[in-house]
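If you read the sequence from its start, that first residue is 1, and numbering goes on from there.
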Amino acid sequence: MVQLYNLHPFGSQQVVPCKLEPERFCGGGRDTLFVAAGCKVEAFTVVGQELCQPRCVFSTLGRVLRLAYSEAGDYLVAIEEKNKATFLRAYVNWRSKRTENSRVCIRMVGHDVEAPFSETFRDQMSIVEMPLSEAPLCISCCPVKGDLLVGCSNNLVLFSLKYQIINEEFSILDFERSLVIHIDNITPAEISFCVGYVAVMSELEVLIVKLESDPKNRESVNHHPRKTTNPMKQAEDTSNDTSQLESDDFVICQKPMELLGEKSKQSGISVTLESTGLADEKIKYFHVRHLLYRRFAPDISSCLLSDDVRLHSLQLLPIFQTGSLTSDRKSSSREKVLLSLFCFFSLPHVGYLYMVVKSVELMSVYQYPEKSQQAVLTPQFLHVITSNNLQCYTVRCSAAAAREEDPYVDTTLKACPPISMDVCALRIQLFIGLKAICHFKNHVVLLTKADPETVPERRESPKRFLSRKGTSVNPKTPPVAEAGWNLYIVNTISPVQLYKEMVDYSNAYKTAKTQSCIHLLSEAHLLVRAALMDASQLEPGEEAELLEAFKESCGHLGDCYSRLETQHSHLALPYYKMSGLSMAEVLARVDWAVDDGSQKYERGLIFYINHSLSENLDEELSEEMSAKVVQMFYVAEPKQLPHILCSPSMKNIDPSTALRYLRKLDTSGFSSVLVTLAKAAMALKMGDLDMHRNEMKSRSEMKLVCGFILEPRLLIQQRKGQVVPTEFAVHLKETQPGLLVASVLALQKNNKIGIEEADAFFKVLCGKDGDRIPQLLVDFWEAQLVACLPDVVLQELFFKLTSQYIWRLSKRQPPDTTPLRTSEDLINTCSHYGLINPWVNILISSESSVDKNYMEDLSKLQSLICGPSFDIASIIPFLEPLSEETAAGLSVHVLCHTRLRAYEQCIDSLLERCPEAVIPYANHELKEENRTLWWKKLLPELCQRIKCGGEKYQLYLSSLKETLSVVAVELELRDFLNVLPEDGTAAFFLPYLLYCSRKKSLT
């Protein structure tokens, strides 16, 4: 049995002023109720709590057997009976019906309307007759498209809703017979249709299929009528064998069965499609996907009547993706998107609710306390009637839809009560003689009738359940109308009002700390969530109230999960987040009173506070509240205390209070490097530098770095999305910058901080903004190269360093602090820094009056260019600030062009700017395949410059002698003679010619 709460979901009620006893009734959109009696249909206006008023009356062809309304298209459709023949008729433009005798236009489905008659359709009701080859048994309208599905004994016929365009200003509603669904071995008693999903129910069977529109399976559609064959021949043979065994003494029953997904094809029911639309029309459905088959066995133990064991109340309930509402409280014009679809059907004592969109799953089973007669499913409730009771049950549709709509549900960000949570009955309301029920908007319509004295009837043999087709499902002819009937409209109270009552009811369970409190508050939460999902049904101003109630319900659930001992205590975190409550407001709801001196804190509250303090919340707790949090964690989670104290939200904690609890951890055996660092941070906050220094000295630098890895917030915090260095980091910058750089590098290596975040940290720490780069950040970049971090892009790091080196050299800007590493340190410890070519030292020695910092930056830049990993081409455009007029700039330019193998350009630059470095450069660079440049480039250039004379004549002459010595060794005598200048002095070149001629004999 489900749990029963004595709540009040039903409010006021009124009697519908019908003239005759209703035979069929249904809701019509937001404001209309249709009642069929005799050969008439009465329409009543239903607005809010006001009394319903007659709107119009129109005549039918005969007695109405089935009645349905479609909001899409705003039409009414009915199965009518006259002279034992049934007819299917749709009533269009019924709102224009003023009086019962007003003119009515009757037309056949699909027939074009001639232009002269089109204007008459503007202000009068039209009846569209839809002939069928078989008698219609049941009908269903698609709530999205307005298409009409008609159930016959052997098939289902789909009429697609369309509009005949008369002119630019006027069109009329019409239907097209577009598809026939042939179904063997089941006779539909009820059907339901929604955006391609089809549910068919017989007395004891339910079949759900999906009409797919995948063009790849287009061959599955038959474009011409043909006789269908049953692929499950074995099932048919079994049925024949069963019929042969029937007698008055034996009853053969098929066993219950539930088949989900593709397995439901094994049900023995054949489903084939036959397209009947026009050839030039786009075919909408191509093949069938089976979703569910369920068969029940009749209860023959007590020889009950057949009516006692048949299924009833088949319904497909769609829930659409929630869209934003415009200012005039109307949904946006975009097409509804199906989010979830649910199927309900019921036996007399048990109801079943399935979810059937992405997966087929049984969500809930409803056990009724007495035999049910009919039920209607809404996104918020399941209303069930028995002979004397109106029952209201909760549903899980909104819980399932929430998980489909929001991927963050069931995470630390958002939560929703589980689909598997037990359903409950909110109310069982006494109503004498209930016969039928329907629901629209926030109204439940009930038909009651006092039963006449019962006349004994002959009990039929239960053997009728042997065949799927059974007996005819046409409704029995009702008895002659008698006094004692009433048609009631019961208004359901607003979701906010019912929510408040459920919250008040739950307060009775709070002190007991039971699951009942969570269960009832979860029901209240789902009630509000379901109302928000169906925003089109809300009254003006009601959405704001519901949103406030939603947040409040999340707060209540957060309170429950934070205080009650439950395995789902972690849900306190997402519910509190969804409530919009600040951490201080949540803590203010905690009962801090202690009776026996021993305070116990539940896991849910600890989990919430721990996670909230671990996040970068822009909220600071008061000193008093911070002290309570510290006490709470010292009692419940002492190991987390150092982490808690590092949270930005705990900024206002009294450092002496924090130190007292940290010292208690030391004495309790929880001492660690993290506790040491936390004490050092608190000592620094108190201004006790001696205590801070002693704590830092008690651990090795490697241990301290490990401590910072365990809790990065000792150094770096986030406030309002910005990186903020802590007071601890500022102090380390002044006293132990090496430890600070090593710690931030370790944080990056362990993925505790990103590259850009680390750069921003050092800029903020050193008070630099814009393009100004502090030396500490340069030290950090150099440390990254030394550490060879895998996630660092080398070329980006090279670019940062070279840009900074070049900027300083060009501006002769010294670093703001002493660099942590010299160029020699980097060359010895980092493979990316190469040995500086020896000729560079000769080039630099010519520069006078340079300071040490300038030379360090120059050496680091030269070393980086000489390294094996640097992409020289990428830095060439940025060398412009370094002028070749200086030795530093010349050295960098020549190094870069040498790496690019532009040796001739380098020789020209050196001969022009620093001739004394030419020979060392050539000795180092012009080797192997480049040795020819000695006599092809260097020798001619020197000869030419000597001819010109000048101040550097002696330097050129000395370089020429060195060059001739190398060329004489490398070339044969004839080749040597060829490279000598024709106008040279023979006496000058003679010694080198003699050496070249004797070279062969010497070797």
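- Residues Lys358 and Glu404 are paired through a salt bridge, judged by an N-O separation under 4.0 Å between the basic side chain and the carboxylate.
- At distances below 3.5 Å, at least one donor-acceptor pair connects side-chain atoms of Arg403 with backbone N or O atoms of Cys416.
- Shown are Arg663, Lys703, Lys679; of these, the salt bridge (charged side-chain N to carboxylate O under 4.0 Å, His left out) with Glu695 is made only by Lys679.
- Here the shortest heavy-atom pairing between Lys733 and Cys766 reads CE-SG, 3.8 Å.
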*side-chain contact (heavy atoms from CB on, under 4.5 Å) between Val892 and Leu858, worked out*: CA-CA 8 Å; Val892 173; Leu858 180 59; 3.9 Å; yes
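- Around atom CD of Gln795, more than 12 heavy atoms belonging to other residues, nucleotides or ligands sit under 6.0 Å away.
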*What do the steps show when you test Val629 against Leu613 for side-chain contact (heavy atoms from CB on, under 4.5 Å), and what is the final call?*
CA-CA 10 Å; Val629 171; Leu613 293 177; 3.9 Å; yes
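- By the 6.0 Å contact criterion, CD on Glu824 is open, its count of non-hydrogen atoms from other residues, nucleotides or ligands being 12 or less.
- Rounded to the nearest 0.5 Å, atoms CD (Gln640) and CG (Leu674) are 9.5 Å apart.
- For the atom pair CG (Leu747) and CD (Glu757), the distance works out to 9.5 Å, reported to the nearest 0.5 Å.
- Side-chain polar atoms of Tyr575 and Asp559 form no donor-acceptor pair below 3.5 angstrom.
- Taken to the nearest 0.5 Å, the OH atom of Tyr805 stands 11.0 Å off from the CD1 atom of Ile865.
- The ring of His525 has its center closer than 6.0 angstrom to the ring center of Phe550.
- Ionic pairing of Glu620 and Arg719 is not present here: no N-O contact between side-chain nitrogen and carboxylate oxygen is shorter than 4.0 angstrom.
- The main-chain N or O of Tyr576 is found under 3.5 Å from a side-chain atom of Ser579 such that the two form a donor-acceptor pair.
- With respect to the salt-bridge test (charged N to carboxylate O, under 4.0 angstrom), the residues Asp857 and Arg808 qualify.
- The closest donor-acceptor contact from the side chain of Ser647 to the backbone of Ser614 lies at 3.5 Å or more, if one exists at all.
- Shortest non-hydrogen contact noted between Cys866 and Ile836 is SG-CA, 4.1 Å.
- Pairing each heavy atom of Ala888 with each of Tyr854, the nearest pair is CB-OH, 3.2 Å.
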*Step-by-step side-chain contact (heavy atoms from CB on, under 4.5 Å) determination, Phe762 to Val741*: CA-CA 9 Å; Phe762 281 109; Val741 170; 4.3 Å; yes
*asked:* I'd like to know whether His611 forms a ring pair (Phe, Tyr, Trp, His ring centres under 6.0 Å) with His570, so could you lay out the CA-CA distance, the side-chain angles of the two residues, the decisive distance to 0.1 Å, and finally the verdict.
replied: CA-CA 10 Å; His611 272 260; His570 63 278; 9.9 Å; no
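- Taking the charged nitrogens against the carboxylate oxygens, Arg693 and Asp690 do have a contact shorter than 4.0 Å, which makes a salt bridge.
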*Run the side-chain contact (heavy atoms from CB on, under 4.5 Å) check on Lys414 and Lys577 step by step: do they pass?*
CA-CA 7 Å; Lys414 296 181 181 179; Lys577 283 186 176 182; over 6 Å; no
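- Ion pairing of Glu782 with Arg821 is absent here, as no side-chain N (NZ or NE/NH1/NH2) approaches a carboxylate O to less than 4.0 Å.
- Distance check, rounded to the nearest 0.5 Å: CZ of Phe780 to CG of Leu785 gives 11.0 Å.
- Ionic pairing of Arg603 and Glu637 is not present here: no N-O contact between side-chain nitrogen and carboxylate oxygen is shorter than 4.0 angstrom.
- Going from atom OG of Ser506 over to atom NE2 of His556 covers 7.0 Å, rounded to the nearest 0.5 Å.
- The minimum heavy-atom distance linking Ile653 with Lys685 is given by the pair O-NZ, 3.4 Å.
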*Residue pair Glu701, Gln736: steps toward the side chain to side chain donor-acceptor pair (under 3.5 Å) verdict*: CA-CA 10 Å; Glu701 185 170 300; Gln736 295 177 277; 5.0 Å; no
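- Heavy atoms of other residues, nucleotides or ligands lying less than 6.0 angstrom from NZ of Lys551 number 12 at most.
- Around NZ of Lys800, the count of heavy atoms belonging to other residues, nucleotides or ligands within 6.0 Å exceeds 12.
- Aromatic rings of Phe708 and Phe728 (six-membered ring for Trp) have centroids within the 6.0 Å cut-off, being under it.
- Note that OG1 of Thr676 is 15.0 Å distant from NZ of Lys697, once rounded to the nearest 0.5 Å.
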